[in-house]
Structures are given as C-alpha cells and as structure tokens.
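In the text below, chain A, chain B and the rest are named by the order of the sequence lines, each starting its count at 1.
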Amino acid sequence: MALIRAVRGMKDILPPESERWQWVETTAREVFRLYGYRELRLPLLERTELFARSIGTDTDIVAKEMYTFIDRHGDSVTLRPEATAQVVRAFLENRLEKGAGVKKYFLMGPMFRYERPQKGRYRQFYQINCEALGSDAPELDAEVILMLWEILGRLKLSNLRLLVNSLGCPECQEDFKAKLKLFLFSREGWCPDCLRRREVNPLRVLDCKSQTCRELLKTAPVLKDSLCEACSRHYSRVLTLLEQFGIDFEEQPRLVRGLDYYTRTAFEVTAAALGAQDAVAGGGRYNGLIRELGGPDLPGFGFAIGEDRLLEVLPEAEGRSADQSVFLAALGRSALERCLTLVQELRGAGLAAEMDFDGRSLKAQMSLADRLGARWVAILGDRELAAGEIVVRDMKSGSQESIRIMELKSALKNLAAAEEGN
RNA sequence: GUGGGCGUAGCUCAGCUGGUUAGAGCACCGGGUUGUGGCCCCGGAGGCCGCGGGUUCAAGUCCCGUCGCUCACCCCA
C-alpha cells in the first residue's frame, strides 16, 4: 500500500533539527524580553478580506498565493500568508491602542503561501515576527533594526548584508511612481516580466534580476530624490542612528517591498549562502495600515525573520543540545525495581534520566546508553544492591567509581553543575 | 503557472556501450564466553531499481507517459 506523504511544500522538522529551532526561538524570546516586546499568539486562520485589504489586491500574495477556502458556514477564510495584518487586526479588535507607550509585540509560527516550492521557500514556512505600533520616531526604526541585529548576532550568524531604503510616504510614492513610469515608457528593451510590471507595479521593475533591465535602470530616477522634506529627514536620521549603533548597512535605493502597506523605512537582511531566496529577514514601516484596517491613524514598524531560511545558514554547531543525561543500567529483576524509583528521583532533581525496561545484557545497555548520548551511566547489579552502592561511569572519560545509592542524586547533580561551569 | 536536473536498501550513492541470483559505505540486528559503550573483526536482515505502458530473445539500463523530489524563473521571509 502506498504511504501517505506530507502535502507538497510542507515538511516535518525532526530531532535533532527541532532542537536547533528551539534554540533560535529561545534566543529571539530572550532578546525580545530585553527590549520590552511581548508575545502574541494569534489564529492561523483569518477572514480573507483582512489580507485583501492590507496586503493589496494586486500583489502576488493575494492574487495567486493564498490558501483560501469557504468554510462550512459559507465564509471565505484564509490561512495567514503573513503576520502584520493579523497583528493589527488583533490590536484593534482587543482595543490594545489604549495601552501605554509604544505597543511592542512579537509572534512566531507558521505562515502559508501556495507557491512552487524551492530552496528556502515552502508552502508552510515559519516566521518570527516583531511589530511596534504607535510611534513614527526614526529612533524606533533604528532600535528595532538594532534588536534584529542583536538576535542574528546571538545566533552567531555572519556574512549577512543589511540593505536599507526609504519608500517615502504615499505622497512621495505618488510622485516617484509618476516619474518612474515616465522613464519606463521612454525606454525600450525591457524583459517580458518588466513590460507587465511597468503597468501593474512599476516599483518592482527596480529589483528585476535580468541583466539588460539592470543596465537600463542605471539612469532611472531614484526614490530618494522624490522624498518629501519630512520623509527625507526621517530617513537620514535612521541612517545616522544605525551608524551610531555600529551596524554595517548598505543603502539600496532600488529596494522595494512586495506588500502595499509599506512606507518610509524598508529593509532586508540577505545571506549569500541561500541561493535565489536570499532574504533572511525583511521589514519596515507601515504608517497607513492601521487606519486602512479601520483603526486610528497610528504608525507602525516591524519585521519578519524567515525562520526556515535562518536555520539553513545557522552554523552547524549552534543550537545542538548538550548531552547531560543519565542512563540507569539495571542487572536483574530486583535491580530493575530499584532503578524504577531511582530514575524518578533523578528526574525530580532536574536531571534527564532514562533506563531500559527490557532486561538486556549490560553490554547491550551500555551500547544503548552510548547511542542515546548519555553523559553518565549508573550501573546497579546484585553486588551493588547488596552493598547499598551503585557504580557511576563517566561516558566521556571512561572512568567510574562506586558510591552509596543514597548519594547518587547529589553526586550526579554536582557532576552536571561542574560540567555546566565549563 | 513556465523551464532544467534527478528518482536504485533507512541515508549517501555505484551499476560500463541492454545480458545470469542488483552492489558499496554509513545506520540497524546478532556474535567475538563470565557484569561495561565507542575502535576493530565476523555474520545477518533489509530493494515490485517511483509508477504505468512500449521496444527487445532479454530492460535498473533504451523510448513514451505519469507521479514525486529538486533547482531556477515569477514572487517573497
């Protein structure tokens, strides 16, 4: 019978890889805590109109990549393709704007987009999201980017590039789009995709990968020149702060974002090792979004880390759990009985402890302990039982000694603590 | 949605121009004597060669189709 396979574009995350995921998430949580960000846990399913209204009907995400279906009640619902829209929805629905100061949230979990899978792109993929609502200060932009940088740094990621740009406010964008369109239609030789883009979404021509388009774009108008006074000041303040924070960044005047709601600061973190899908994180400011979704006119800033991609560039050695576990090897029936309670005592003391119930030979149990990655093995046979002792073996060094059974718990705790100190 | 590459053991892969019972390394199970893992030695189990059809005396090998994986385009985290 043919086995049932996972749905296309969706993958299982298994040990030991899952431990690396935990480590990434734990690290991010810790940094979020330091900066005052608190966790939001939101549904995977939202009403379809939420994404249509926020992301933009003409974007690819909404036009052809959403998992949308009609539920049993006849409502159109969609598996979230990104997080910002639903964070804003929850923010408004729960009246969180009444809170004090800048509202800072993070969220992690799966997102869904119906795309053709490839390296670094899955139909169910994971994001670590961060959103700060309620301030338009350039200091906030810079601080959030700094926080992202802190997370990436703690994860020992290197060879990353931070690309920054400003998309301006809707007025600047209007002005720029007009100039750009004029330019695009005054030149010949665009690739077929760009011929389409210059009609539908001219900004996207700017990051076309085709060689000929790039050549043509060299004389294209630059967003920066179309920024209004206020947007321009905001942008340069952000850049100054990033410099002060000692963050290496590159201005990327052609960086645009695929979602309609972005304004002013936009940024992306890329990793060359990833191949075509090289953005590990991306984000920016979205000053009109909250009002667009029916709320007050509040500004917002946020980013998303592509967790799957991040894991691909995470150094191999990082995030592996250290082996600190104990294996109890019992010889004979009565020893096994004694071990059953001992193993629980160890766990009660916070030590990871396991044993075998099948009455295998000591050799087999030692071998098992080794393969399970036990750091220490405690051996209990008739001889030890009679003497009230137990043998503790260090699996790394191979040395072992006999101690009182009563002292097992404290002895192992000391060993584990000593290990931790190194 | 479009294009390229690839489907042989749990994993990574050999298998020459079609020719007998399809191989290796790693992993797994057992053994190398009495109560001690890793290393070494010996043995074992494990494959409708993705699936369907065709050509042929003969197909893992050639042809067609199909499904899947993968990389790239598109788009994005």
If we take the C1' atom in both B:C63 and B:G18, what is their distance in whole Å? 13 Å
If pairing means Watson-Crick or G-U wobble with both distances under 3.5 Å, then the partner of B:G19 is B:C57
Taking the same atom, C1', in B:A45 and in B:U55, what whole-Å distance lies between them? 37 Å
Assess whether a salt bridge exists between A:Glu251 and A:Lys224, defined as any Lys/Arg side-chain N lying under 4.0 Å from an Asp/Glu carboxylate O. yes
Could you list where the contact with chain A starts and ends along RNA chain B, reading 5' to 3', using a 4.0 Å heavy-atom cut-off? B:G1 to B:A77
What's the verdict on side-chain contact (heavy atoms from CB on, under 4.5 Å) for A:Met366 and A:Ile379, showing C-alpha distance, side-chain angles and the deciding distance? CA-CA 9 Å; A:Met366 291 300 293; A:Ile379 304 162; 4.2 Å; yes
Are A:Lys177 and A:Glu174 close enough for a salt bridge, meaning some N to O gap below 4.0 Å? no
For RNA chain B, the residues among residues 393-405 of chain A that have a non-hydrogen atom under 4.0 Å from it: A:Arg393, A:Met395, A:Lys396, A:Gly398, A:Gln400
B:U66 and B:U21, which share atom name C1', separated by this distance in whole Å: 31 Å
cation_pi(A:Arg38, A:Tyr105) dist<6.0 Å, angle<=45: no
Does a side chain donor of either A:Glu131 or A:Tyr286 reach within less than 3.5 Å of an acceptor in the other side chain? yes
For a quick check under 3.5 Å, do A:Gln324 and A:Arg375 share a side-chain donor-acceptor pair by atom type? no
When rounded to the nearest Å, what value does the distance between P atoms of B:G46 and B:A9 take? 15 Å
Are A:Arg383 and A:Glu389 ion-paired here, with the side-chain N under 4.0 Å from a carboxylate O? no
Nearest-Å distance once atom C1' is located in both B:G1 and B:C74: 9 Å
Is the charged tip of A:Arg285 near the ring of A:Phe301: under 6.0 Å from the six-membered ring centre and within 45° of its axis? no
When you compare B:C49 with B:G5, how far apart are their P atoms, in angstrom units rounded to a whole number? 24 Å
Check RNA chain B against residues 142-150 of chain A and give the residues with a non-hydrogen atom under 4.0 Å, in numerical order. none
Roughly how many Å apart are B:A58 and B:A14, using the P atom of each and rounding to a whole number? 29 Å
With rounding to the closest Å, how many angstrom separate the C1' atoms on B:C11 and B:C73? 31 Å
Please answer whether the main-chain N or O of A:Ala279 pairs with a side-chain N or O of A:Arg309 as donor and acceptor at a distance below 3.5 Å. yes
